[in-house]
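Structure record follows, encoded as structure tokens.
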Amino acid sequence: MSSHAAPKNVLTIPKVQKKKVLGEKITMVTCYDATFAKLVDAAGIDLVLVGDSLGMVIQGQKNTLPVTLNDMIYHTAAVSRGLSNPVIIADMPFMSYQAEFGVALKNAGTLMKKGNAHSVKIEGGMEVAELAYRMSRVGIPVMGHIGLEPQKVHSYGGFKVRGKALSEERKLIKDAKALEEAGCWSLVIEGVPSEVADKITQAVTIPTIGIGSGPGCDGQVLVLYDLLGLDPSFKPKFVKKYVDLATVVTDALKSYVDEVKTKQFPADEHQFHRLALVTPLKKKVHDCFFNTF
Ligand code: KIV
């Protein structure tokens, strides 16, 4: 008889929640395609967010507002094909969940059915608590997102740190508690002072995942392209670039351009030859190649 239990290394939402109880830090990155997903999986990341940040890093938009549900389904499905172990969370894009409960539930369901997401993420505090409740109740796990909510960029007048004033801090704590009570299984806290993120983390029993919110959160999330240093012009205070991939990639491309121009590429080992020109040994390899393919 086959077992339906998840294999040992496969992360599940309850397993991730247990990490908070055990005091084990949780790791999360964004991802947008299958090739990077395989690398993220191999690195042992716990949570993979298919963020609507794809509007900025993949599509070159100024903010996340233009991202559509179809964009999210396409990228979530691609990422899911490259992953075996992490929990996959798909962002619900702007206006896919704010207008009507029924539409929001259907859209979230589509991200799970067609995108293979295990959870959705929605931005907002108390104002989305009822929606989070309705979703959780029918088996759609919800990650909340408070603090700097990028979908409210125009209301804020830019991407700015939230929760500096005492009144804002109190509201954020109330928001976090309301989302926990509504059934959210975890919370992203973005762009708030470390001291405020610490208080929120202590006020709830669900894991908090911080970005630009200090070390006291239960876990950390970064945009994959930021931590890999793919955009030399993007240097926010909260990002640590673990590698300068922009330079690595540009240097590799320059070498390619140079070698094509100087006829060093393709070299002999990158070429196919007609049968008449090959040596007996190469013929063996050739036959093997063509019998195989
Ligand atoms: O869309 C995104 O990448 C996010 C992270 C910044 C948390 O929401």
Side-chain angles (χ1 to χ4, degrees), residues 16 25-33 36-37 40 45-69 71-76 78-79 86-98 108 111 115 117-125 128 132 141-153 156 158-163 172 175-176 179 184-192 197 200-201 206-214 217-228 230-231 234-241:
V16 173
K25 290 286 183 189
I26 299 162
T27 55
M28 171 159 139
V29 291
T30 67
C31 192
Y32 315 103
D33 67 43
F36 268 121
V40 164
I45 295 284
D46 298 321
L47 307 175
V48 172
L49 171 68
V50 185
D52 58 357
S53 51
L54 69 84
M56 298 163 88
V57 296
I58 302 289
Q59 298 174 341
Q61 312 273 12
K62 284 196 170 63
N63 53 54
T64 59
L65 304 189
V67 175
T68 66
L69 187 71
D71 293 336
M72 293 308 304
I73 294 167
Y74 175 87
H75 286 279
T76 308
V79 167
V87 174
I88 310 168
I89 301 127
D91 255 335
M92 295 205 67
F94 183 55
M95 290 320 294
S96 69
Y97 61 98
Q98 290 91 340
L111 281 168
H118 302 135
S119 168
V120 297
K121 175 163 80 59
I122 58 176
E123 295 181 11
V128 296
V142 183
M143 173 181 264
H145 183 150
I146 58 171
L148 196 173
E149 299 167 29
Q151 292 175 11
K152 293 189 178 144
V153 60
Y156 302 150
F159 296 104
K160 293 178 181 165
V161 173
R162 313 297 299 171
L172 283 172
D175 282 339
L179 291 170
C184 283
W185 68 273
S186 59
L187 278 181
V188 163
I189 307 177
E190 179 166 357
V192 312
I200 299 170
T201 299
I206 53 175
T208 61
I209 315 290
I211 174 161
S213 299
C217 294
D218 300 308
Q220 296 293 325
V221 55
L222 279 177
V223 169
L224 184 65
Y225 287 21
D226 294 349
L227 82 87
L228 295 180
L230 273 165
D231 180 357
F234 189 60
K235 297 175 192 153
K237 184 178 165 73
F238 62 89
V239 170
K240 177 170 175 182
K241 295 189 182 186

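Note: hydrogens, waters and symmetry copies are ignored here, and every other heavy atom, side chains too, is used. Just follow the structure's listing: the first ligand is 1, and inside any ligand the first atom is 1.
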### Message
What I want to check is whether the side chains of Thr30 and Tyr225 have a donor and an acceptor closer together than 3.5 Å.
### Response
no
#### Entry: Proximal atoms of ligand 1 relative to Gly51 (non-hydrogen, under 4.0 Å)
1 (O), 2 (C), 3 (O)
### Query
Going from CG on Leu187 to CD1 on Ile209, what distance comes out if it is rounded to the nearest 0.5 angstrom?
9.0 Å
### Task
Please confirm whether Asp52 comes within less than 3.5 Å of ligand 1 when only nitrogen or oxygen atoms on both sides are compared.
yes
### Task
Mark the output for His145 as yes if a heavy-atom distance to ligand 1 is under 4.0 Å, and as no if none is.
yes
### Task
Answer yes or no: is there a side-chain heavy-atom contact under 4.5 Å between Lys25 and Gln220?
no
### Task
May I ask you to identify the nearest protein heavy atom to atom 8 (O) of ligand 1, giving residue, atom name and distance to one decimal place in Å?
Lys121 NZ, 2.9 Å
#### Entry: Met143/Val87 under side chain to side chain contact (heavy atoms under 4.5 Å, CB included): CA gap, chis, key distance, verdict
CA-CA 12 Å; Met143 173 181 264; Val87 174; over 6 Å; no
### Query
Against heavy atoms of Thr30, which atoms of ligand 1 measure under 4.0 Å?
3 (O)
### Message
I'd like to check which ligand 1 atoms, numbered from 1 as shown, lie under 4.0 Å from a non-hydrogen atom of Ile211.
### Response
6 (C)
### Query
Should we count OH of Tyr74 as having more than 12 external heavy atoms under 6.0 Å?
no
### Query
Starting from atom 5 (C) of ligand 1, which protein heavy atom do you reach first, and at what distance in Å?
Leu49 CD2, 3.7 Å
### Message
Quick test: of every protein heavy atom, which one is nearest to atom 2 (C) of ligand 1, and how far off is it to 0.1 Å?
### Response
Ser53 OG, 3.3 Å
### Message
To the nearest 0.5 Å, what is the distance between CE on Met56 and CG on Leu65?
### Response
9.5 Å
### Query
Any N or O of Asp91 that comes nearer than 3.5 Å to an N or O of ligand 1?
yes
### Message
Nearest 0.5 Å, please: how far is CD1 in Ile146 from CZ in Arg162?
### Response
12.0 Å
